[in-house]
Undergrad: 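One structure, pasted below without further comment.
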Amino acid sequence: MASSPYADLDRPPLAARALQRALVVPGAMWRRIDVVAETGSTNADVAQAAREGAGEGLVVVAERQVAGRGRRSREWVSPPRAGLTLSVLLRPGVPDAGRGWHAVPPGRWGWLPLLAGVALAEAVRRVAEVGATLKWPNDLLVTAPGGGEGKAAGILAEVAGDAVVLGVGLNVSTRAEELPPTTGLPATSLRAAGSGSADRDPLLRALLRSFERWYGGWRETGGDAELCGLLEAYRRDCATIGRDVRVLLPDADALTGVVTTVDRDGQLVVRTADGREHRVSAGDVLHVR
Ligand code: BTN
């Protein structure tokens with residue numbers, strides 16, 4: 001019985017059939033929701049499916065991930081059923097006349113992980129009833145009852161040919177002693193942040209529905225983040241705007257300054273002490289104050 005997914009009453013398995021029935025409905029973008037007991041990485045699985053020709057709207061959710069990938073070659077570690085680990089398959093370059101969706105040029109695909117962040121923050125606030133903001137580009141921050149920010153979720157976007165795989169890892173019922181050590185912002189979970197609900201099914205539904213709304217609007221406008229309201233929503237959710245930051249850049253010295261905004265391309269705008277403004281499209285941000 002020890003290995004049964006029902007042994008830990010605190011962490012029941014996802015209701016795969018009910019999720020499928022609720023989300024894979026006529027007119028919806030979700031075509032298939034595979035809930036797997038265990039895999040290496042759902043991002044790797046969905047990228048493989050993309051290479052094999054799977055269409056937009058595939059979702060793979062793992063109850064346990066043993067080789068979860070994070071940004072910048074880090075790992076994503078989570079005990080079985082303690083959180084949500086899932087990836088979705090998108091083909092933003094493929095027009096869909098039936099929905100009035102244009103092909104979005106690849107130069108705009110960089111908005112997708114930010115869009116997923118907005119959808120995730122919205123779902124968490126609604127279902128888990130905890131405050132949730134975003135650290136640029138898309139770490140989900142929640143605040144513990146005693147104060148202090150922690151990262152409860154991360155998003156990893158990877159391009160697989162002409163598809164985009166978006167992976168989300170969200171810590172839901174993870175206990176303090178199960179959270180991985182970090183060098184930067186501490187890891188946390190919705191439970192540690194005071195959420196009374198550790199039920200992953202409504203969270204997953206809310207996330208996929210919210211994502212579908214934002215993605216539909218973004219596609220209808222040909223990927224114009226301003227026109228579809230995404231830029232405004234992102235700026236509202238982004239806790240990095242207005243903060244003093246240190247940005248670790250992939251190929252240059254770190255940048256220290258104050259964040260003035262996020263621009264129409266999703267880039268972070270940092271004003272350094274000499275008054276110059278720098279636009280950052282990739283980097284690791286530390287909130288200094
Ligand atoms: C980060 O903050 O570094 C991003 C973490 C993304 C983790 C998720 S878990 C589901 C999906 N599959 C993976 O291998 N990674 C992403």
Side-chain angles (χ1 to χ4, degrees), residues 11 14 19 30 33-51 54 58-90 110 112-121 123-124 132-142 149-160 163-174 178-190 193 200 203-204 207-208 211 237-240 247-248 250 266 268 282-287:
R11 293 179 178 165
L14 288 164
L19 284 166
W30 306 117
I33 300 182
D34 288 349
V35 179
V36 300
E38 179 176 318
T39 191
S41 153
T42 55
N43 261 39
D45 294 346
V46 171
Q48 180 61 29
R51 283 189 288 272
L58 167 69
V59 183
V60 176
V61 193
E63 292 289 37
R64 178 166 189 237
Q65 215 181 209
V66 294
R69 311 202 287 233
R71 289 175 62 230
R72 300 178 159 268
S73 309
R74 289 188 281 251
E75 307 179 283
W76 184 263
V77 180
S78 175
R81 303 181 309 282
L84 288 172
T85 47
L86 69 136
S87 302
V88 304
L89 172 53
L90 305 171
L112 284 170
L114 282 69
L115 184 156
V118 168
L120 181 61
V124 163
T133 57
L134 297 168
K135 180 167 79 71
W136 185 90
N138 49 28
D139 286 344
L140 185 91
L141 306 185
V142 294
E149 282 172 339
K151 170 174 169 173
I155 292 166
L156 176 67
E158 296 179 294
V159 174
V164 175
V165 178
L166 269 186
V168 178
L170 169 66
N171 298 326
V172 179
S173 66
T174 329
E178 296 173 316
L179 292 163
T182 59
T183 46
L185 196 64
T188 189
S189 69
L190 300 184
R200 296 174 305 145
L203 272 168
L204 181 55
L207 168 60
L208 292 175
F211 184 90
D237 282 353
C238 182
T240 306
V247 189
L248 309 177
L268 195 67
D284 251 3
V285 172
L286 309 174
H287 287 173

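Just so you know, residue 1 is the first one in the sequence shown, and it goes up from there. Remember, predicted model here, so these are calculated numbers, not experimental data. Hydrogens, waters and symmetry mates are skipped; everything else that's a heavy atom, side chains included, is used. Whatever order the structure lists them in is the order used to number ligands and atoms, beginning at 1.
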Undergrad: What is the nearest protein non-hydrogen atom to atom 3 (O) of ligand 1, stated with its residue, atom name and distance?
TA: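 Of every protein heavy atom, R71 N, 2.7 Å lies nearest to atom 3 (O) of ligand 1.
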Undergrad: For atom 5 (C) of ligand 1, find the nearest protein heavy atom and state the residue, atom name and distance (0.1 Å precision).
TA: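 Closest protein heavy atom to atom 5 (C) of ligand 1: W76 CE3, 3.5 Å.
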Undergrad: Can you list the atoms of ligand 1 that are under 4.0 Å from a heavy atom of L86?
TA: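 Answer for ligand 1: 10 (C), 11 (C).
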Undergrad: For L170 and A153, work out which heavy atoms get closest and say how close.
TA: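 Looking at all heavy atoms of both residues, the closest pair is CD1-CB, 3.7 Å.
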Undergrad: Specify the closest pair of heavy atoms between A193 and V142, including all atoms of both residues, with the distance to one decimal.
TA: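 For A193 versus V142, the nearest heavy atoms are CB-CG2, 3.5 Å.
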Undergrad: Please list the nearest protein heavy atom to atom 10 (C) of ligand 1 with its residue and the distance rounded to 0.1 Å.
TA: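 Among all protein heavy atoms, the one nearest atom 10 (C) of ligand 1 is T42 OG1, 3.3 Å.
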Undergrad: For T85 and ligand 1, does the shortest N/O to N/O distance drop below 3.5 Å?
TA: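 By distance alone, the answer is no.
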Undergrad: Looking at G68, which atoms of ligand 1 are within less than 4.0 Å of one of its heavy atoms?
TA: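 So the atoms of ligand 1 that pass are 14 (O).
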Undergrad: Distance to 0.1 Å, residue and atom name: give those for the protein heavy atom nearest to atom 6 (C) of ligand 1.
TA: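 Ranked first by proximity to atom 6 (C) of ligand 1 is R69 O, 3.6 Å.
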Undergrad: Looking at every non-hydrogen atom in both residues, tell me the closest pair between L179 and A187 and how far apart they are.
TA: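 L179 and A187 have their closest heavy atoms at CD1-O, 3.4 Å.
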Undergrad: In terms of residue, atom name and distance, what is the protein heavy atom nearest to atom 2 (O) of ligand 1?
TA: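 Answer for atom 2 (O) of ligand 1: K151 NZ, 2.6 Å.
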Undergrad: Heavy atoms, side chains only, cut-off 4.5 Å: are V285 and H287 in contact?
TA: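 Yes, their side chains come closer than 4.5 Å.
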Undergrad: Looking at atom 9 (S) of ligand 1, what's its closest protein heavy atom, distance included?
TA: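 Of every protein heavy atom, Q65 NE2, 3.4 Å lies nearest to atom 9 (S) of ligand 1.
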Undergrad: If the cut-off is 4.0 Å to any non-hydrogen atom of S87, which atoms of ligand 1 fall inside it?
TA: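 In order of number, 11 (C), 12 (N).
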Undergrad: State whether the side chain of W136 and the backbone N or O of G266 hold a donor-acceptor pair below 3.5 Å, judged by distance alone.
TA: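 Yes, W136 side chain to G266 backbone: donor-acceptor pair under 3.5 Å.
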Undergrad: Within the 4.0 Å heavy-atom shell around S41, which atoms of ligand 1 are there?
TA: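 Listed by number with element, the hits are 12 (N), 13 (C), 14 (O).
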Undergrad: Considering the options D45, T42, T39, T85, which one meets the side-chain hydrogen bond (donor to acceptor under 3.5 Å, both in side chains) requirement together with Q65?
TA: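 Of the listed options, the one satisfying the test is T42.
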Undergrad: Heavy atoms only: give me the nearest R69-A44 pair and the separation to one decimal.
TA: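 Between these two residues, the closest heavy atoms are NH1-CB, 3.7 Å.
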Undergrad: State, to 0.1 Å, how close R51 and A160 come at their nearest heavy-atom pair, and which atoms those are.
TA: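 Where R51 meets A160 most closely, the heavy atoms are NH1-CB, 4.5 Å.
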